[in-house]
Amino acid sequence: MLITLPLQLAFAQQLNVEIRGVDGKLKENVESLLEIKRLANNDNQDSLSAYRIRYLHRQAAKDIRQALEPFGYYHVQVNSELKTQTTPWLALYNITLNEPVRIGDVSWVIKGEAENDPAFQAWAATHRPQTGEVFNHQRYESAKSKLNQLASEHGYHQAEFTEHQVRVDIASNRANITVVFDSGPRYHFGPVSFSAAELTDAFLQRYVTFAPGDPYYAEKVLDLQMALVDSQYFESVIIKPLWPESGSTEVPIDVDTTPNAKSHYRVGLGYGTDTGARLTFAQDRRWVNDSGHHYQAALRLSQVQSTGSFTYIIPGRSPRTDSYRLRGEVSNKRNEEQHSKKYLVGVSDIRRLGGWQRTYALDLMQENFSIGDFEEGNSQFLVPRTHWNYISARDRLNVNEGYRIELGLKGGSDSVLSDTTFVSATASAKSILPFTDRWRVISRLALGATKVDDFSVLPPSLRFFTGGDNSVRGYGYEQLGPRNADGAVIGGRYLVAGSVEFDYRFAEQWRVAVFTDIGNVMLEPNQPLKQSIGFGFRWISPIGSIRLDFAQAIDEPDKPWRLHFTLGPDL
């Protein structure tokens, strides 16, 4: 006899699951462990077995209780209901958590040399479970994991848990914790050995920031690896702490390197509304000798300025941050009515002092220039200068919060290879501050002042100019400031340029912005400032923000809206 079951008894067309009474991480864990929920999430619901749905529904209360126990809830009540008269079927679970299990007695002992280590005392103050807290098994395991990690980072190579247990008394709603952690001895750095044949051991040892006998820190080993990778000498760097198997607590460090290609060539194309189309040819000679000397040669061509440069770099005592540089440069600039040719040779000493990068430099330069039809000159200057730069930001390419400060001072004397005496000081700052998850305010200010005996002798490269993509938008590149009888911008002795910008992240990699810029260049410090307003779009690319701005000079309403296009980090 052939018996045909009603279709509804054999199959359910679809299934929905609702979980009520919990939210956040508790609900997430219930949904991940509740098998009937995973069944409902199945893309193919046309052939769900009614028998299997009913079976999993009967198991659901058990699944829910198990999912909530790691969070300290051992007295959970679940009211389950399966509605089969609806389409789709509905499995409904109302959860009552009741009183959680709380931590009772805590015995958490650290033995060994770490017992008096300040780092472990700080860990205990913030991570050790406290009596009265809701017992959360994940936090308990996380505390143990962080303690193990701390021991590994601080050179306690033999550290282990000799005892760790949690006794949950459901009747009294208490969880008693007993943990004994034996750190064993602390290890110390031994000698560092390098495999690189291209560079001397004495030079590479200058990258090492620790000495034999210093306490071991994993962070210092990682910092050494990153410094060697950043040096561009090596394609790969593998560092191996050689943990001793004997009773010694000294850890020799073995550094295995693979050399990079000796020369690196770069060709680049670009465009900026200030400079027009750009073409770059460059060569980096990654090392010239076994003392790590290297050079950079570049030819940069653009519609406004073309420059050829050669820089020879001698690493300093701390080669990652300090260097001595010999530089030669030839440039040809033609912008509106301004034309100049500059020849320069210079030396500089660059060092990292705390968070500041400090530069001392001495440049000998000659510049032939003309501005309009009537102003021209041929000037020579010996310019000592110093520059200080400080940047604070976690991620330079995608800055959510940070700031930058720059200070500069330079001058020349007509008694020492200069055509006139002058002193010039500059200061600038830029900050990025978030005030919601999606909104930022970006502000910047640049100031400059020059005291000079004869301004007409000062070449354009030593004068102040403003206007353009990175100063006062809405104006052309370096087209703000005093003009001569030809109407050509001649530059000035004083500079003020500032901006306030609000931007909103409306998608993961996209922002929209509104801004106002204000500034000017002046021969005397009492001249009015010019202002512009505008809006723009930003795409957060892998190489920094790509910015497209539209700006209008509100002081000169006859000027059209101007397009500005820039690329690079926000700081």
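Starting from 1, each residue takes its place in the sequence as its number.
Dense packing is recorded around CZ of R206, with more than 12 heavy atoms of other residues, nucleotides or ligands lying under 6.0 Å away. Residue K341 qualifies as open at atom NZ: its count of foreign heavy atoms under 6.0 Å is 12 or below. Within a 6.0 Å radius of CD in E376, no more than 12 heavy atoms belonging to other residues, nucleotides or ligands are found. A 6.0 Å sphere centred on NZ of K451 holds no more than 12 heavy atoms belonging to other residues, nucleotides or ligands.
A salt bridge is absent between E198 and R286: the closest approach of a Lys/Arg side-chain nitrogen to an acidic carboxylate oxygen does not fall below 4.0 angstrom. A salt bridge links D517 with R444: at least one charged nitrogen is closer than 4.0 Å to a carboxylate oxygen. Taking a cutoff of 4.0 Å between a charged side-chain nitrogen and a carboxylate oxygen, D570 and R511 do not qualify as a salt bridge. A salt bridge does not link K530 to D555: none of the charged side-chain nitrogens sits closer than 4.0 Å to a carboxylate oxygen. The pair R505-D437 fails the salt-bridge criterion, with no side-chain N (NZ, NE, NH1 or NH2) lying under 4.0 Å from an Asp/Glu carboxylate O.
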Item to check | Test side chain to side chain contact (heavy atoms under 4.5 Å, CB included) applied to V221 and F189, step by step | outcome: CA-CA 10 Å; V221 176; F189 284 113; 3.7 Å; yes
Next on the checklist: Let's go through T426 and E406 carefully: what are the C-alpha distance in whole Å and the side-chain angles of both, what is the deciding distance for side chain to side chain contact (heavy atoms under 4.5 Å, CB included) to 0.1 Å, and is it a yes or a no?
Outcome noted: CA-CA 8 Å; T426 57; E406 293 188 54; over 6 Å; no
Checklist entry - Would H154 and Y216 count as a ring pair (Phe, Tyr, Trp, His ring centres under 6.0 Å) if you check the C-alpha gap in whole Å, the side-chain angles of each, and the deciding distance to 0.1 Å? => result CA-CA 6 Å; H154 285 243; Y216 180 93; 9.6 Å; no
Checklist entry - Yes or no on side chain to side chain contact (heavy atoms under 4.5 Å, CB included) for M522 and V496, after CA distance, side-chain angles and deciding distance? => result CA-CA 9 Å; M522 301 153 282; V496 177; 4.0 Å; yes
Checklist entry - Should E375 and R463 be marked as a salt bridge (charged side-chain N to carboxylate O under 4.0 Å, His left out) after you check the CA-CA gap, both sets of side-chain angles, and the distance that decides it? => result CA-CA 14 Å; E375 184 176 355; R463 302 181 184 185; 3.0 Å; yes
Next on the checklist: As a quick check of understanding, evaluate salt bridge (charged side-chain N to carboxylate O under 4.0 Å, His left out) for D549 and R562, giving each step before the final call.
Outcome noted: CA-CA 8 Å; D549 291 328; R562 191 173 186 91; over 6 Å; no
Checklist entry - Can F203 and Y233 be said to form a ring pair (Phe, Tyr, Trp, His ring centres under 6.0 Å), step by step? => result CA-CA 12 Å; F203 169 65; Y233 297 128; 5.8 Å; yes
Item to check | side chain to side chain contact (heavy atoms under 4.5 Å, CB included) assessment of L523 paired with I490 | outcome: CA-CA 10 Å; L523 289 174; I490 63 172; 4.3 Å; yes
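Judged purely by atom type and a 3.5 angstrom limit, D322 has no side-chain atom pairing as donor or acceptor with the backbone of R317. Side chain of N335 to main chain of E478: no donor-acceptor pair is present (N/O by atom type, distance under 3.5 Å, no hydrogens or angles). Checking side-chain atoms of S152 against main-chain N and O of Q149 turns up no donor-acceptor pair under 3.5 Å. Looking only at distances, a side-chain donor or acceptor of T516 sits under 3.5 Å from a matching main-chain atom of S532. Formation of a donor-acceptor pair under 3.5 Å by the S418 side chain with backbone atoms of L382 is found in this model. When atom types are taken as modelled, the side chain of T466 and the backbone of V521 share no donor-acceptor pair closer than 3.5 angstrom. The main-chain N or O of V267 is never found under 3.5 Å from a side-chain atom of T280 such that the two would form a donor-acceptor pair. When atom types are taken as modelled, the side chain of S413 and the backbone of T421 share no donor-acceptor pair closer than 3.5 angstrom. With Q225 contributing its side chain and V237 its backbone, the two residues share a donor-acceptor pair below 3.5 Å. With H188 contributing its side chain and P212 its backbone, the two residues share no donor-acceptor pair below 3.5 Å.
The line from OG of S309 to CD of Q296 is 8.0 Å long, rounded to the nearest 0.5 Å. Atom OG1 of T420 is separated from atom CG of D453 by 4.5 Å, given to the nearest 0.5 angstrom.
Across all their heavy atoms, D274 and G468 have their closest contact at OD1-CA, 3.5 Å. The shortest heavy-atom contact between D117 and R186 is OD2-NH1, 3.6 Å. For the residue pair S331 and Q305, the shortest heavy atom distance occurs at CB-NE2, 3.9 Å. Taking all atoms of both residues into account, the shortest heavy-atom contact from Y343 to N368 is CE1-ND2, 4.2 Å. When all heavy atoms are compared, the tightest approach of F310 to A297 is CD1-CB, 4.0 Å. Between P191 and E250, the shortest heavy-atom contact is CD-OE1, 3.8 Å.
Relative ring orientation between Y312 and H293 is described as perpendicular, the plane-to-plane angle rising above 60° on a 0-90° scale split at 30° and 60°. The aromatic rings of F381 and F422 stand perpendicular to each other, their planes meeting at an angle above 60°, with 30° marking the opposite boundary.
Inter-residue side-chain proximity for M226 and R320 is flagged as met; some heavy-atom pair is nearer than 4.5 Å. Contact check for R327 versus S348: no side-chain heavy atoms found under the 4.5 Å cut-off. Between E219 and L222, every side-chain heavy-atom pair lies at or beyond the 4.5 Å cut-off. The shortest side-chain heavy-atom distance between Q338 and K333 falls under the 4.5 Å cut-off. No side-chain heavy atom of Y494 sits under 4.5 Å from any side-chain heavy atom of F464. Annotation: side chain of I442 is not in contact with side chain of F515 (no heavy-atom distance under 4.5 Å). The shortest distance between side-chain heavy atoms of H339 and N332 falls below 4.5 Å. At a threshold of 4.5 Å between non-hydrogen side-chain atoms, the residues L409 and L407 do not count as touching.
With hydrogens and angles left out, the side-chain atoms of Y324 and R351 include a donor and acceptor closer than 3.5 Å. Side chains of H294 and R285: a donor-acceptor N/O pair is absent below 3.5 angstrom, by distance only. In this structure, a donor-acceptor pair under 3.5 Å is present between the side chains of D256 and S195. Judged purely by distance below 3.5 Å, without hydrogens or angles, the side chains of T566 and R547 pair a donor atom with an acceptor atom. Checking T307 against E329 by side-chain atom types alone, no donor-acceptor pair falls below 3.5 Å. The closest side-chain donor-acceptor pair between S424 and R385, if any, does not fall under 3.5 angstrom.
Residues F234 and F194 keep their aromatic ring centres 6.0 Å or farther apart. Ring to ring, F550 and F535 are close: their centroids are under 6.0 angstrom apart.
Both tests do not hold together for R493 against F455: distance to the six-membered ring centre under 6.0 Å, angle to the ring axis within 45°.
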